[in-house]
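Each ligand, and each atom within it, is numbered from 1 in the order the structure gives. Predicted, not measured: the structure shown is a model, and the values here were computed from it.
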Amino acid sequence: MTPVDTLGRPLRDLRISVTDRCNFRCVYCMPKEVFGRDFKFLDRSQILTFEEIARLAGVFVGLGVEKIRITGGEPLVRRDIEELVGQLSRVPGLHDLTLTTNGSLLSRAKAQALSDAGLRRITISLDSLDDEVFRVMNDVKFPVSVVLDAIDSALAAGLTPVKVDTVVRRGMNEAGIADLAGRFRGTGVIVRFIEYMDVGNTNGWRMDDVVPASEVVARIAERWPLEPVDANYFGEVAERWRYADGAGEIGIISSVTRPFCASCTRARLSAEGKLYTCLFASKGEDLRALLRGGASDDAIAARLSVVWGARDDRYSEIRTSNTPRGPKVEMSHIGG
Ligand code: SAM
Ligand code: SF4
Ligand code: SF4
C-alpha cells in the first residue's frame, strides 16, 4: 500500500542520484573553492551498483512510485548509465522514466543509446545562451554550443518532450531569460526557469540573489504574452504558462517565493544509498546497509513505509531570510 506522510502526501516520485561527481563546477551547486582538487568524493565501493539501484527502484514502485528521475552529480559521468536505464525501464508498473543532465556528454550516439535502453524523455540544464555568461556559471569554461548540440541529439533520438532547466541567479543570467525562452519558442522544447535555492551549505545563498518567478514571467510576457495553464497532475513542480500566440509553453519552478511543499510527493536516493525525504534534509536513512545486510524486499518496503509515514518536511514553506542554514545535504549529492 502506498505510504502517506503526516501531511497527507503519498509517495509518488523517486529521484536517484547515481554519482556525486560532476565535470562542471556550477557556482550555485558545486563551487570550486569547496569542490576543489582535495574534495573527497565517494569511492566506488560506497556507491550503489546498478543492480542495487534497480532492486530498490522495484521496491519503491511496489509502494506506489510512478515516476523515476535519474540525476546526480552528472549522471552521464557514470559509465554505461544506459545499462541502468535498461534495468529501470523493465521495472513493472513504472509509468515515467527520465534523466537530468548538463548535456556535456550527450552525443548523438549516447542519446540514441539511452533511448534504445528505454529512456522516454530528458531534461538538459542550460543557464544562458550567452557563452561568456554560461562559462562563468559552469565555471569550467564549457561552451553553450555543445549543450545546444546535445538538445538536438535528444530531439533526434526522440527523448521528448525535451525540457531545458535554467537556474536564474540575480546579477548573472537574468538579462538573458527572454532570449532563452525565445530560442525555444515553437520548437516543442519546454524551458523551465528555476529560482535559485539555498540547497546545501556551500553556495553562499542570499535571498537577494533570487530572481522571483513573477519577475521571470513578466520579463518574458513583455515580449510574448503568456497565459497560465492548469497543472498536468497533483504534485507537478513547474507552474505552466503558454504563449498566447500558440508557440508552446514554459515552466516556472518557484521553490522560494511560491513553495509547493503541500503537494511534494518526492523521495530522493543518494548515490551511496541514503534516502532523503526533503531536498533540504540534513540526515538520510541508510538503505545500503539494509541491502548489503541481506534484508528482504518486504523488510525494505516496511522500512520505507515507516520513514515516509513519519515525514513532516516542508522546509520551503517555513523558510525565511533568517532561517538558520544548518548542515544540509549538498545538491550534487542527492540531485535536483
Ligand atoms: N548535473 C545535472 C544537471 O545539472 O542537470 C543533474 C544534477 S543537477 C544538481 C540538477 C538540477 O539542479 C540542475 O538543473 C541544476 O541547475 C539544479 N540546481 C543545482 N543547484 C541549484 C540551486 N542552488 N538552486 C536551484 N537549482 C539548482
Ligand atoms: Fe554539476 Fe549539475 Fe551541479 Fe552543475 S548543477 S555542478 S552540472 S551537478
Ligand atoms: Fe519537498 Fe522539501 Fe522541497 Fe518542500 S522543501 S517541496 S518538502 S523537497
Side-chain angles (χ1 to χ4, degrees), residues 5-7 9 11-13 15-32 34-35 41 69-78 81 98-106 122-128 134 137-140 142 147 150 163-169 172-173 191-206 209-211 235-238 251 253-256 258-268 270-271 276-282 308 311-319 323 328-336:
D5 71 11
T6 60
L7 300 172
R9 301 166 296 187
L11 171 60
R12 286 275 179 256
D13 312 75
R15 297 190 177 196
I16 302 174
S17 171
V18 293
T19 178
D20 59 339
R21 293 169 198 253
C22 186
N23 54 344
F24 281 15
R25 286 292 176 274
C26 300
V27 290
Y28 50 76
C29 180
M30 294 179 80
K32 258 187 186 158
V34 179
F35 296 89
F41 289 99
R69 177 178 298 278
I70 301 171
T71 176
E74 172 47 44
L76 299 194
V77 303
R78 183 132 177 208
I81 190 69
T98 182
L99 178 148
T100 302
T101 173
N102 61 26
S104 59
L105 302 169
L106 191 68
I122 201 162
T123 300
I124 299 175
S125 302
L126 176 61
D127 295 329
S128 182
F134 186 53
M137 287 184 82
N138 64 53
D139 213 9
V140 293
F142 201 84
V147 184
K163 292 183 182 163
V164 167
D165 276 6
T166 303
V167 175
V168 188
R169 190 165 154 176
M172 283 198 166
N173 61 339
V191 187
R192 305 189 308 170
F193 295 95
I194 306 173
E195 285 179 347
Y196 170 44
M197 290 184 285
D198 50 335
V199 282
N201 321 291
T202 56
N203 64 8
W205 184 90
R206 294 176 316 138
D209 297 330
V210 178
V211 178
E236 187 171 33
V237 172
I253 303 180
S254 53
S255 8
V256 177
R258 289 201 289 267
F260 35 78
C261 300
S263 61
C264 178
T265 54
R266 286 174 293 285
R268 294 178 155 87
S270 73
Y276 292 88
T277 56
C278 179
L279 186 50
F280 299 92
S282 50
W308 190 266
R311 176 183 191 242
D312 62 359
D313 305 291
R314 53 188 202 95
Y315 178 90
S316 290
E317 279 184 353
I318 52 183
R319 166 206 295 116
T323 302
K328 288 177 275 163
V329 64
E330 292 298 328
M331 185 78 143
S332 53
H333 207 74
I334 55 170

message: Over 60° means perpendicular and under 30° means parallel, so tell me whether Tyr196 and Trp205 are parallel, tilted or perpendicular.
response: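 Aromatic pair Tyr196/Trp205 classed tilted.
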- prompt: Can you find a heavy atom in the side chain of Thr101 that is under 4.5 Å from one in the side chain of Ile122?
  reply: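 They are in contact (side-chain heavy atoms under 4.5 Å apart), so the answer is yes.
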query: Are the side chains of Arg169 and Val210 in touch, meaning some heavy atoms are under 4.5 Å apart?
result: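 SC-SC contact between Arg169 and Val210 ruled out.
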Atoms in ligand 1 flagged as close to [X], the criterion being non-hydrogen separation under 4.0 Å:
| X | result |
| --- | --- |
| Thr71 | 6 (C), 7 (C) |
| Val199 | 22 (C), 23 (N) |
| Asn102 | 2 (C), 3 (C), 5 (O) |
| Glu74 | 1 (N), 2 (C) |
| Gly73 | 1 (N), 2 (C), 6 (C), 7 (C) |

- request: Could you see which bit of Thr101 sits under 4.0 Å from ligand 1, with heavy atoms only: side chain, backbone, both or neither?
  value: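 Near ligand 1, Thr101 shows its backbone, while the atoms from C-beta on stay back.
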Does ligand 1 come near enough to [X] that some N or O of the ligand is less than 3.5 Å from an N or O of the residue?
| X | result |
| --- | --- |
| Cys22 | no |
| Thr100 | no |
| Ser125 | yes |
| Asp127 | no |
| Gly72 | no |

query: If you leave out waters, which protein N, O or S atoms are less than 2.8 Å from atom 1 (Fe) of ligand 2?
result: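 Per the 2.8 Å query on atom 1 (Fe) of ligand 2, atoms found are Cys22 SG.
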- prompt: Pick one: which of Asn138, Asp127, Asn23 meets side chain to side chain donor-acceptor pair (under 3.5 Å) with Asn102?
  reply: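 That would be Asn23; it is the only one of Asn138, Asp127, Asn23 passing the side chain to side chain donor-acceptor pair (under 3.5 Å) with Asn102.
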query: Which protein N, O or S atoms sit under 2.8 Å from atom 2 (Fe) of ligand 3?
result: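 Listed by chain and number, the atoms are Cys278 SG.
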- prompt: At the 4.0 Å heavy-atom cut-off, does Ser17 count as touching ligand 1?
  reply: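 Judged by the 4.0 Å heavy-atom criterion, Ser17 does not count as contacting ligand 1.
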Measuring from atom [atom1] of [X] to atom [atom2] of [Y], what distance do you get when rounded to the nearest 0.5 angstrom?
| X | Y | atom1 | atom2 | answer |
| --- | --- | --- | --- | --- |
| Cys26 | Lys32 | SG | NZ | 11.0 Å |
| Ser125 | Glu74 | OG | CD | 8.0 Å |
| Phe35 | Met30 | CZ | CE | 5.0 Å |
| Cys278 | Arg266 | SG | CZ | 9.5 Å |
| Tyr315 | Ser282 | OH | OG | 10.5 Å |

message: Go through it in stages, so that I can follow the logic: the residues are Asp165 and Val167, the test is side-chain contact (heavy atoms from CB on, under 4.5 Å), and I'd like the CA-CA distance, side-chain angles, deciding distance and then a yes or no.
response: CA-CA 7 Å; Asp165 276 6; Val167 175; over 6 Å; no
query: Partners of Val34 by side-chain contact (heavy atoms from CB on, under 4.5 Å), sequence neighbours excluded?
result: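 Val34 satisfies side-chain contact (heavy atoms from CB on, under 4.5 Å) with Pro31, Thr202 only.
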task: Mind running side-chain contact (heavy atoms from CB on, under 4.5 Å) on Lys163 and Ile124 for me, showing each step along the way?
output: CA-CA 6 Å; Lys163 292 183 182 163; Ile124 299 175; over 6 Å; no
message: Assess whether a salt bridge exists between Arg25 and Asp139, defined as any Lys/Arg side-chain N lying under 4.0 Å from an Asp/Glu carboxylate O.
response: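 Here Arg25 does not pair with Asp139 in a salt bridge, since their nearest N and O are not under 4.0 Å apart.
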query: Which one holds for Arg268 and ligand 3: side chain close, backbone close, both close, or neither close, with close meaning a heavy atom under 4.0 Å?
result: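 Side chain only; the backbone of Arg268 stays clear of ligand 3.
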- prompt: Just which atoms of ligand 3 are under 4.0 Å from any heavy atom in Phe260?
  reply: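 Reading through ligand 3 atom by atom, the close ones are 6 (S).
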message: Applying side-chain contact (heavy atoms from CB on, under 4.5 Å) to Arg192 and Thr123, what does each step give before you reach the verdict?
response: CA-CA 10 Å; Arg192 305 189 308 170; Thr123 300; 4.2 Å; yes
task: With sequence neighbours left out, write down each residue that passes ring pair (Phe, Tyr, Trp, His ring centres under 6.0 Å) with Phe260, or none if nothing qualifies.
output: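 Partners of Phe260 by the ring pair (Phe, Tyr, Trp, His ring centres under 6.0 Å) criterion come out as none, since no residue qualifies.
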task: Check the pair Glu195, Val211 against side-chain contact (heavy atoms from CB on, under 4.5 Å), reporting the backbone distance first and the verdict last.
output: CA-CA 6 Å; Glu195 285 179 347; Val211 178; over 6 Å; no
